Amino acid sequence: MKKVDIEKIVEILDNYYPMHVMEDTYTGQPYKALVSCLLSLRTRDEITFPVAEKLFQAADNPCKMINLSYEELCEKIKSINYYKTKAENIQTISRILLEKYNGEVPSTMEELLAFRGVGRKTANIVLSVGFQKPAIAVDTHVHRISNRLGLVSTKTPEETEFALREILPKKYWRKWNQIMVLHGKNTCKPITPLCKTCPIIEYCNQVFS
DNA sequence: AAAACGGGGGC
DNA sequence: GCCCCAGTTTT
C-alpha cells in the first residue's frame with residue numbers, strides 16, 4: 001500500500017483541473033442544486049447542464065416550476081434520459097416544497113431523502129452545495145477513485161460516504177467530490193484510466209498499464 | 001444483492 | 001451500429 005496523503009492529493013488535483021463541476025454554478029442556491037441533481041441522475045453533466053440552464057430561464061423556483069404544464073416541462077428536458085420520470089419528480093417535489101416547506105428546500109438529510117428521486121448523492125449535494133453544510137456526496141467517480149487510491153475499501157457508494165467521513169478532513173468534504181468528478185472524467189476513467197498522464201499516480205494503489 | 005430504468009455522444 | 005456512461009427504485 002502506498003502512503004495516502006490526502007492534503008497533497010487535494011492540492012495537486014485542485015491545481016491540475018482549472019475547470020469546475022456543474023453543481024458549483026448553484027452554490028448557495030438549494031433549489032437549483034436540487035433540480036440540477038434530479039436532472040443529472042445517471043446523466044453526464046455536459047448533457048445536463050445546458051438543459052438545466054435553459055429550464056431555469058423558464059422556471060427557477062418551485063412556483064414557476066409547477067406553473068409549467070407537465071407537457072411543457074417534458075418538452076424542455078426531453079433530450080435527457082428518464083425525462084418523463086424526472087419531470088414528474090421535479091413537479092411533485094416542487095409542489096411539496098410549496099405545500100409543506102413554504103417554497104423552500106429543506107436542509108436536513110432526512111427530509112431530503114423522503115422525496116421520490118432523491119438519494120444520498122443528491123441529498124448530499126444539496127446540503128454541501130446548496131446550503132454549504134459539511135456533507136460528502138458520493139457518485140461513481142468519488143466511489144471508484146477513492147477505492148483506487150486505497151483511501152477506502154468499499155463496495156457501495158454509501159459505504160464510501162461513511163468511510164470517507166472518518167478519514168477526510170472536514171474542510172475537504174465538499175472539495176473531494178469536485179476534484180474526484182474532474183479527475184474521473186478527465187483521467188481516472190472507469191474502464192480505461194489514463195494512468196500515463198495521471199498527476200497523482202505516485203499516490204495510487206491500482207495503476208493500470 | 002442485483003436488476004431495471006432510457007437516452008446522448010464517441011467512435 | 002455498438003459501446004460507454006450514470007443514481008435511485010424495485011425485486
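None of these values were measured; they are calculated from a predicted model. Residue numbers start from 1 in every chain, and the chains themselves are labelled A, B, ... in the order their sequence lines are given, proteins ahead of strands.
For the C1' atoms, the distance linking B/dG8 with C/dT9 amounts to 23 Å, nearest Å. Atom P of C/dT8 sits at a distance of 23 Å from the matching atom of B/dG9, rounded to the whole Å. Distance check on atom C1': C/dG7 versus B/dG10 gives 23 Å, rounded to whole Å.
Nucleic acid contact for A/Pro190: sugar-phosphate only, since backbone atoms but no base atoms lie under 4.0 Å from a heavy atom of the residue. Using a 4.0 Å heavy-atom cutoff across all strands shown, A/His143 reaches no nucleic acid atom at all.
Aromatic ring pairs are classed by plane angle as parallel below 30°, tilted from 30° to 60° and perpendicular above 60°; the pair A/Phe56 and A/Tyr26 is perpendicular. Ring pair A/Tyr17/A/His183 is tilted by interplanar angle, where 30° to 60° counts as tilted.
Residue-to-nucleotide proximity on DNA chain C shows that, of A/Arg144 and A/Leu113, the 5′-proximal contact is made by A/Arg144.
Considering only side-chain N and O atoms, A/His141 lies under 4.0 angstrom from the phosphate OP1 or OP2 of C/dA6.
Hydrophobic clustering keeps A/Ile125 apart from A/Leu113 (ILVMFWY residues linked when any side-chain heavy atoms are closer than 4.5 Å, directly or through intermediates). Cluster membership check: A/Leu13 does not share its hydrophobic cluster with A/Met22, using side-chain heavy-atom separations under 4.5 Å among Ile, Leu, Val, Met, Phe, Trp and Tyr. Note on A/Phe131: it does not cluster hydrophobically with A/Val129, by side-chain heavy-atom contacts below 4.5 Å among ILVMFWY residues. Connection of A/Val138 to A/Leu182 is established within a shared hydrophobic cluster, with ILVMFWY side chains joined at heavy-atom distances below 4.5 Å, either directly or through further cluster members.
Checking A/Asp45 against A/Ser40 by side-chain atom types alone, no donor-acceptor pair falls below 3.5 Å.
Salt bridge annotation for A/Glu161-A/Arg165: present, with a cationic side-chain nitrogen under 4.0 angstrom from a carboxylate oxygen. Salt bridge status for A/Lys64 with A/Glu72: absent, with no side-chain N to carboxylate O gap under 4.0 Å.
Between the C1' atom of C/dG7 and the CG atom of A/Asp45 lies a distance of 13 Å, rounded to the nearest Å. Between the NZ atom of A/Lys189 and the P atom of C/dC3 there is a distance of 19 Å, rounded to whole Å.
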Response to the item:
Expected string for nucleotides 2-10 of chain B under the B/S/- scheme (protein heavy atoms, under 4.0 Å, primed atoms plus P, OP1, OP2 as sugar-phosphate) is ---BBSBS-
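Listed by residue number, there are no residues of residues 119-136 of chain A with a heavy-atom contact under 4.0 Å to DNA chain B.
Heavy atoms only, all atoms of each residue included: A/Ile136 and A/Leu168 are closest at CD1-CD1, 4.4 Å.
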Worksheet item: Using Watson-Crick and G-U wobble pairs whose two distances are both under 3.5 Å, how do you write the pairing of DNA chain B as dot-bracket, with | for links to another strand?
Response: |||||.|||||
